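Note: hydrogens, waters and symmetry copies are ignored here, and every other heavy atom, side chains too, is used. As the structure is a computational prediction, the values presented were derived from the model and not from experiment. The first residue of the sequence shown is numbered 1, and numbering continues consecutively from there.
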Amino acid sequence: MQGVKAAVVLAGPNDPNTQQLADWLRNIFGPLFLVIIGIVALFFLFTREITRFVQFIVLSIVIAVVFYYPGIITMVAKGIVQALGVEETG
């Protein structure tokens with residue numbers, strides 16, 4: 001009887017729900033990401049490396065936008081396709 005229950009539990013739906021996994025990962029890595037950015041930014045400020053600080057902040061903003069708003073990549077890609085005048089297929 002135990003083997004049957006395990007087989008039923010392991011057999012899930014055909015389309016897995018990855019949105020819950022993505023939300024869970026954002027909840028864990030989001031605050032950690034912000035803490036690391038803060039520590040590295042303070043290091044650059046205290047060592048007076050302003051150029052590296054600005055480069056780091058710009059890169060951090062790009063990564064944060066992709067991390068917190070993953071749908072923006074498809075929107076930007078569609079915008080580029082429309083701007084270039086390429087026809088969409090499918």
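In this structure, CH2 in Trp24 is found 7.0 Å from CZ in Phe29, a value given to the nearest 0.5 Å. In this structure, Ile37 CD1 and Leu42 CG are separated by 12.0 Å, a value rounded to the nearest 0.5 Å. Separation of atoms CD (Gln55) and CD1 (Ile57) is listed at 11.5 Å; rounding is to 0.5 Å. We find the CZ-CD1 distance between Phe56 and Ile63 to be 8.0 Å, quoted to the nearest 0.5 Å.
Transitive grouping of hydrophobic side chains (ILVMFWY, heavy atoms separated by less than 4.5 Å) brings Tyr69 and Leu59 into a common cluster. Cluster annotation: Ile28 is not connected to Val35 through the hydrophobic network of ILVMFWY side chains, with a link wherever side-chain heavy atoms come within less than 4.5 Å. In the hydrophobic cluster analysis, where Ile, Leu, Val, Met, Phe, Trp and Tyr join through side-chain heavy atoms closer than 4.5 angstrom, Met75 is grouped together with Val81. Residues Leu34 and Leu32 share a single hydrophobic cluster, defined by chaining ILVMFWY side chains whose heavy atoms lie under 4.5 Å apart. Hydrophobic clustering (ILVMFWY, side-chain heavy atoms < 4.5 Å, transitive): Phe53 and Ile39 are in distinct clusters.
Pairing each heavy atom of Phe33 with each of Ser60, the nearest pair is CZ-O, 3.9 Å.
For residues 52-67, the set of pairs meeting the salt bridge (charged side-chain N to carboxylate O under 4.0 Å, His left out) definition, not counting sequence neighbours, comprises Glu49-Arg52.
Counting only heavy atoms from C-beta outward, the side chains of Ile80 and Leu84 approach each other to under 4.5 Å.
Not a single ring-ring contact (aromatic ring centres under 6.0 Å, His included) links Phe43 to another residue, sequence neighbours left out.
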